[in-house]
2 protein chains.
Amino acid sequence: MITISDIATKANVSAGTVDRVLHNRGGVSEKTAERVRKIVKEHDFKINAVASSLANKKSRTIAVLIPDYSETNTFWKDTRLGVEKALEEFLKFGVKLEVFIFQQFDASSYEAEFQKLIESNPDGAIIAPTFRNETAKHIPKIEANKIPYIFINIDLDGFKNISFLGQQSYKSGYLAGKLMHVSLSKPAVIAVIQTKLNVENNQALSRRIQGFSEYFIKKDHPLELIMVNIDDVLDAEMVKNTLNLELSKINGLSGLFVPSSRASVFVNALNSDLLSKLEVVGFDGTEQNLNSLKEDRISFLISQQSFNQGYNAIKLMVDFLIEKKLPTSKMYSPIEILTKENI
Amino acid sequence: MITISDIATKANVSAGTVDRVLHNRGGVSEKTAERVRKIVKEHDFKINAVASSLANKKSRTIAVLIPDYSETNTFWKDTRLGVEKALEEFLKFGVKLEVFIFQQFDASSYEAEFQKLIESNPDGAIIAPTFRNETAKHIPKIEANKIPYIFINIDLDGFKNISFLGQQSYKSGYLAGKLMHVSLSKPAVIAVIQTKLNVENNQALSRRIQGFSEYFIKKDHPLELIMVNIDDVLDAEMVKNTLNLELSKINGLSGLFVPSSRASVFVNALNSDLLSKLEVVGFDGTEQNLNSLKEDRISFLISQQSFNQGYNAIKLMVDFLIEKKLPTSKMYSPIEILTKENI
DNA sequence: TGTAGTTTCGTGTGCGCACACGCAAATATA
DNA sequence: TATATTTGCGTGTGCGCACACGAAACTACA
């Protein structure tokens, strides 16, 4: 394995000079710099990350801005676990983490935590850009500090994020359509359940619905989609009443499509005689959803491997900060199908 | 972060002594050794892997014994890629790889490569124990040398492998049953295609078939399984003739279940008027299978993330060799469902 | 020509650990 | 008691790199 001082010898300079060239630290005449670069390239020299991180006392801090999870909404739990797993692995390399948690449906909490993130002045940031306008408002500040940032889970256009990790919403909806389709021998009369908060915030959900219905169009299978709106998922009584009332009104209802991660909330609220006739397709392997899946209240879940998203986001950022590897601009997570049988 | 010399100071000894204790190198009185151990435990001191691997010139060699892949059978390609990816990552830590490749259906080639592996005297081994008897014959030799080994893909009982990475065959067959079930509105008349070589060698396949049929039993769905044997998958003409002949004889045939990774071979050989009426469920996302999936000749594939199996096997072994982490004895890969829509 | 300022570079030290070397104290042997 | 042997331990060096310090070499200007 070739070392810096090997390069130095070959270039007739000292190790210090090679070091300056490698780190663009300046103070090297263009002539010798070029000579060194040539030899580095010739031998495909790569800095030994082990030795480098040992010598490098300076630690890099990566800030993470994601929503909180609660007992009833554990969607972001896996992401957190993935992030923490990555931390454990990269601690040796002097990577530190600063996690900022906001309330998923509260824009002001998002802004407040975003502000804290900026003030912590990290070396890199991982952000779940849940609110478009608020994101647009704060991003310039971290760009001004030349802090690289990665978007996770939600893909916003028009930003200079070095990468995005998440799912292709349309495609995952399309797959949901297929799963619903194969499960139904009868005509498809499907209720789509949405909540107010989701409708407002999350364009990913509408893309999923779009993908879902276009699958049926493509397959020439008759489809009747009925939108059912739930105002407040936290109000259990209300959910129960509205849902049972609305769904029982629908003639020949054959399936339930829940484009958010809240499928379990709805199937749990549903009267069992109603539910038993339905195929249910939902998203994300939260604990609650997995339980409903195990107990046959949900037929299929489509999951996006949040754990890996969290893990890989950190990994990409570390590679970028330490080895200057530019990540792919979009990293789409595999669209995973979960059934009772394979969890 | 606490260092060896910190420990040394606290224990009133020198760094060298602490080093001896940590590595059980001997030459330390039991009294001081105990004192050091206590302080190490108190502070939960862990050797800094970065500094350690920098100082440690000695490299560890991991031997890998897996089948070859060919153009028509790329099953083991992903495993190889995963292994190589891991190598790249651990090269910095002085990990070396020695890959031994045998012919998948040739026990003597397995034995020959196994012998070479033993002679190379590696620090650890990753083995796909394709042949039970031959494995039993050679394993004692690597156990005699105290070389830890991991089984991959095929789970044999009665060995002292420190871990197994692979799929739960029964469960994956069971899931295949479900996928076939939901795809069928009619009674299930399923042809199961096997090849002679597979029948002889691979108990995993029969477990898959077992899981498959038990799904239908559990669901009380009438099932008629018809076994179709193909002598030689490599003889394209023969495959074509036998298959079309046998399948056209079956009344009301509704599906094809291929418990091996060769689904693509069979669907490609099948007359399109026969195939168009069938749901096909197979295993493993080989290139050929994925192509057939894309072109709607296969309905579902069940995959076992071979890439990760290869990658993780190396990772586990590295952790074991360097950080002495004992791995879980069984690491079951997620049972992944592949469709045209999510590959 | 002399002095100050600038550019360009070499040297030295330390990151935390592994391991060889060798010294001192304890023990055995004569 | 003198000498050999063993046991227990401290010290020093190097792994490959980052970075501070300061020394030449060169430039500018009076």
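Lettering follows sequence order; numbering is per chain, from 1.
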Rounding to a whole Å, what distance do you find between A:Ile7:CD1 and D:dA18:P?
-> 13 Å
State, yes or no, whether a side-chain contact exists between A:Ile139 and A:Ile127 at a heavy-atom distance under 4.5 Å.
-> yes
When rounded to the nearest 0.5 angstrom, what is the spacing between NZ in B:Lys137 and CD in B:Gln115?
-> 9.0 Å
Are A:Tyr110 and A:Phe102 an aromatic pair by the rule of ring centers under 6.0 Å?
-> yes
Return the value, rounded to whole Å, for the distance between atom CZ of A:Phe93 and atom P of D:dC17.
-> 14 Å
How long is the line joining CD1 of B:Ile47 and P of C:dC19, in whole Å?
-> 10 Å
How close or far is atom P of D:dG16 from atom NZ of A:Lys46, stated in whole angstroms?
-> 17 Å
Give a yes/no on whether any side-chain N or O of B:Asn56 is located under 4.0 angstrom from OP1 or OP2 of C:dC17.
-> no
So, is A:Ser52 near the phosphate of D:dA18, with a side-chain N or O under 4.0 Å from OP1 or OP2?
-> yes
Rounded to the Å, how far apart are A:Met1 CE and D:dC17 C1'?
-> 13 Å
Figure out the CZ/P separation between A:Arg25 and D:dC21, and round it to whole Å.
-> 14 Å
Per the under-4.0 Å heavy-atom filter, residues of residues 16-24 of chain B near DNA chain C come out as B:Asp19, B:Arg20, B:His23
Inter-residue atom distance B:Asn48.CG - A:Leu54.CG, 0.5 Å rounding | 6.5 Å
Nearest-0.5 Å distance, CG of residue A:Asp68 to CZ of residue A:Phe100 | 14.5 Å
Round to the nearest Å and state the distance from A:Lys31 atom NZ to C:dT8 atom P.
-> 11 Å
Scan A:Ile152, A:Ile150, A:Val83, A:Leu87 and name whichever one has a side chain to side chain contact (heavy atoms under 4.5 Å, CB included) with A:Ile314.
-> A:Val83
C:dC15 phosphate, OP1 or OP2, under 4.0 Å from A:Ser53 side-chain N/O = no
If you pin A:Thr3 and B:Glu30 to their nearest nucleotides in DNA chain D, which one's is more 5'?
-> B:Glu30
Any side-chain N or O of A:Ser29 under 4.0 Å from OP1/OP2 of C:dC9?
-> yes
Do B:Lys330 and B:Gln168 get their side chains close enough for a donor-acceptor pair, meaning under 3.5 Å?
-> no
If you find the nucleotide of DNA chain D closest to B:Val13 and the one closest to B:Leu54, which residue's nucleotide is nearer the 5' end?
-> B:Val13
Considering only side-chain heavy atoms of A:Asn48, which listed nucleotide, D:dC9, D:dG10, D:dC17, is closest?
-> D:dC17
So which nucleotide from C:dG10, C:dG16, D:dG16 ends up closest to the side chain of A:Ser14?
-> C:dG10
